[in-house]
Amino acid sequence: MATLSDAARVVVKIGSALLVDRATGDLRAEWLASLAADVAGLRARGADVVLVSSGSIALGRGMLGLPATTLSLEQSQAAAAVGQIRLAGAYEAALAAHGIKAAQVLVTLEDSENRRRYLNSRATLDQLLRLGVVPIVNENDTVATDEIRYGDNDRLAAQVAVTAGADLLVLLSDVDGLYTANPQTDPDARHIPHVDAITPEIAAMAGDAGSGLAKGGMKTKLMAARTATAGGCALAITRGDVDHPLAALGAGARATWFAAQGDPQQKRKAWIAAMKPRGRITVDAGAAQALARGSSLLPAGVSAVSGAFGRGDPVELADTDGRVLGQGLTRYDSGDADRIKGLRLDQIEAALGHPPRGPLVHRDDMAV
């Protein structure tokens, strides 16, 4: 099972109740500074870090003087628009103190349900991490309606973890993990340190949300655990309402650890292999050998393109004898793929009128 000390890519979910003081509506700046120090520690040992953060509506509500009662959709979106600026600025300043750049990434449920948007999100996150940036991901509350909302950031964090290919997702909470019953009402409730599989008995132990600011309870955390672990990502639920919560987790703070069901990259490749292909790309002998070695498919190695497919669609990869070598998600539609077949990367811009999007099929998007 992945732990915080050996995880190569970590997604951390931060709820509103941790970031925003419930009584005043102000940002808990000292707590955020301690979290930023923890992130810097993970980055120093070479780990990639993505933060999935709530808080924009809670901050905006306080800044606009909106009531503590349930807000209308329009009020929530207005509060989010104001709060997002404050939240992004706070993260930027906290991480900058450690020489780390931050980026804001706003998403909706549609971004994971639509294949092209999913691939765009994955590519953006991957590029930011390669550049040494810490992405701050939040649901785009300024435009999302009920039909396109995740509804809670536990499940959003799980989807981000799968999209980013993370091997660990940490849900910072107001509890230190899963119990056999609600520990606030049942003195006999027992803490569960490890969960190998989410059985019906485990699911029955979940309760509901208890915080006035937080929307997610243990039920949503278990739903997030199903998504993350099925995608090959381990998950930990631990207390976040302490200073340096990630350092505390790394030092052995109480938590519930959910085991990943396989490797994230293997899971992704199995998902790609199971898709129905929309077309076929035929490659020459040299490219076939390169694919067998785990290389990406470059346009120079393509001899033919057949079928009508869009960017992000699955395509078969075959050799000149018609043998299927594997399947992958193409970065070009069929028309552009046909125009650039046989070309070097430095020739693509002249052929298409815009810079290349890299290889025709990246090795991370390929099951051979």
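When reading the values below, keep in mind they use all heavy atoms of this one structure, side chains included, and skip hydrogens, waters and symmetry mates.
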Do [X] and [Y] share a hydrophobic cluster, counting only Ile, Leu, Val, Met, Phe, Trp and Tyr and linking them when any side-chain heavy atoms are less than 4.5 Å apart?
X      : Y      : value
Ile281 : Leu329 : no
Val52  : Val105 : yes
Leu297 : Ile272 : no
Ile100 : Val12  : yes

### Message
Could you check whether any side-chain N or O of Asn138 sits under 3.5 Å from a backbone N or O of Leu106, counting only pairs where one atom can act as donor and the other as acceptor?
### Response
no

### Query
Between the side chain of Ser295 and the main-chain N/O of Leu291, is any donor-acceptor distance below 3.5 Å?
no

### Message
If you count heavy atoms of other groups shown closer than 6.0 angstrom to CD of Gln261, is the number above 12?
### Response
yes

### Query
Considering all heavy atoms of both residues, which atom of Ala166 and which atom of Arg9 are nearest to each other, and what is their separation?
CB-O, 3.4 Å

### Query
Minimum heavy-atom separation for Met223 to Arg155, with atom names?
CE-NH1, 3.0 Å

Strictly below 4.0 Å, N to O, side chains only: are [X] and [Y] in salt-bridge contact?
X      : Y      : value
Arg130 : Asp126 : yes
Arg311 : Asp333 : no
Asp154 : Lys13  : yes

### Query
In chain order, what residues pass the ring pair (Phe, Tyr, Trp, His ring centres under 6.0 Å) check against His98, with sequence neighbours excluded?
none

